[in-house]
Amino acid sequence: MSGAEYIPHKGDIVIASFDPSAGKEIQNRRAALVVSNAKYAKMTGLAVVCPISHAEGNRLKSTRLLVPLHQKKTDGYVNPLQFHTVDFRRGRFELIERIAADSLAQAVQTINDIINATES
């Protein structure tokens, strides 16, 4: 499902546009995990997403902070370290499938750990 009628829900795996981007930011159209809820999306027109990559050569792969993903239609790693807020209409979201509950929980927990970490 895509287009103006689609409202992203927490746990959706979508194709999204990450352009424009700069520097080390995720680029192009790629798979992403929606970690915000539909109420937020309806209210703001935005979705918080984590990019999904194959992590080939990614130095973070060994940290175990990337969430392995082995779905029916999507393989790779959810990267909760680079979560983004994206206008889901301009980003032309296309729903692929829903993520397993345990993988969603792991990604959200990593984001919570980043946000709630105390400063040294």
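Owing to the predicted nature of the structure, the values given are computational and were not obtained by experimental measurement.
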Fill in: Side chain proximity check, Arg30 to Ser53, heavy atoms < 4.5 angstrom
yes
Worksheet item: Given the rule in the side-chain contact (heavy atoms from CB on, under 4.5 Å) test, do Phe88 and Val14 qualify, once you have shown the distances and angles that lead to the verdict?
Response: CA-CA 10 Å; Phe88 63 87; Val14 298; over 6 Å; no
Fill in: Transitive ILVMFWY side-chain link Ile115 to Val108, under 4.5 Å
yes
Discussion item. Strictly distance-based, threshold 3.5 Å: is any side-chain N or O of His84 a donor or acceptor partner for the main-chain N or O of Gln82?
Written reply: yes
Worksheet entry | Step-by-step side-chain contact (heavy atoms from CB on, under 4.5 Å) determination, Val49 to Leu33 | CA-CA 5 Å; Val49 300; Leu33 169 64; over 6 Å; no
Item to complete: Using the test side-chain contact (heavy atoms from CB on, under 4.5 Å), find all partners of Ser36 that sit at least two apart in sequence or belong to another chain.
Response: Val34, Tyr40, Ala47, Val48
Practice prompt. Kindly give the heavy-atom pair with the smallest separation between Ala107 and Val78, and that separation in Å.
Written response: CB-CG1, 4.1 Å
Worksheet item: What residue pairs, at least two apart or across chains, pass salt bridge (Lys or Arg N to Asp or Glu O under 4.0 Å) with a residue in residues 96-106?
Response: Asp12-Arg98
Discussion item. So Leu69 and Ile99, do their side chains get closer than 4.5 Å, heavy atoms only?
Written reply: yes
Worksheet entry | Chi angles and distances behind the side-chain contact (heavy atoms from CB on, under 4.5 Å) call for His9, Asn37 | CA-CA 5 Å; His9 290 75; Asn37 63 39; over 6 Å; no
Discussion item. Can you tell me how far apart OG1 (Thr44) and NZ (Lys39) are? Round to the nearest 0.5 Å.
Written reply: 12.5 Å
Discussion item. Looking at Arg89 and Glu5, is there a salt bridge between them, counting it only when a charged N and a carboxylate O are closer than 4.0 Å?
Written reply: no
Fill in: Qualifying side chain to side chain donor-acceptor pair (under 3.5 Å) pairs, either residue in residues 104-117, two or more places apart
Gln109-Asp113
Item to complete: Please name the pair of heavy atoms, one in Pro68 and one in Tyr77, separated by the smallest distance, quoted to 0.1 Å.
Response: CA-CD2, 3.8 Å
Discussion item. Test side-chain contact (heavy atoms from CB on, under 4.5 Å) on Ile52 and Asn79; report intermediate values, then the result.
Written reply: CA-CA 6 Å; Ile52 297 171; Asn79 185 346; over 6 Å; no
Worksheet item: What distance do Ser103 atom OG and Gln71 atom CD have between them, rounded to the nearest 0.5 Å?
Response: 6.5 Å
Practice prompt. Quickly, which of Val86, Ile7, Ile15 forms a side-chain contact (heavy atoms from CB on, under 4.5 Å) with Phe93? Name it, please.
Written response: Val86
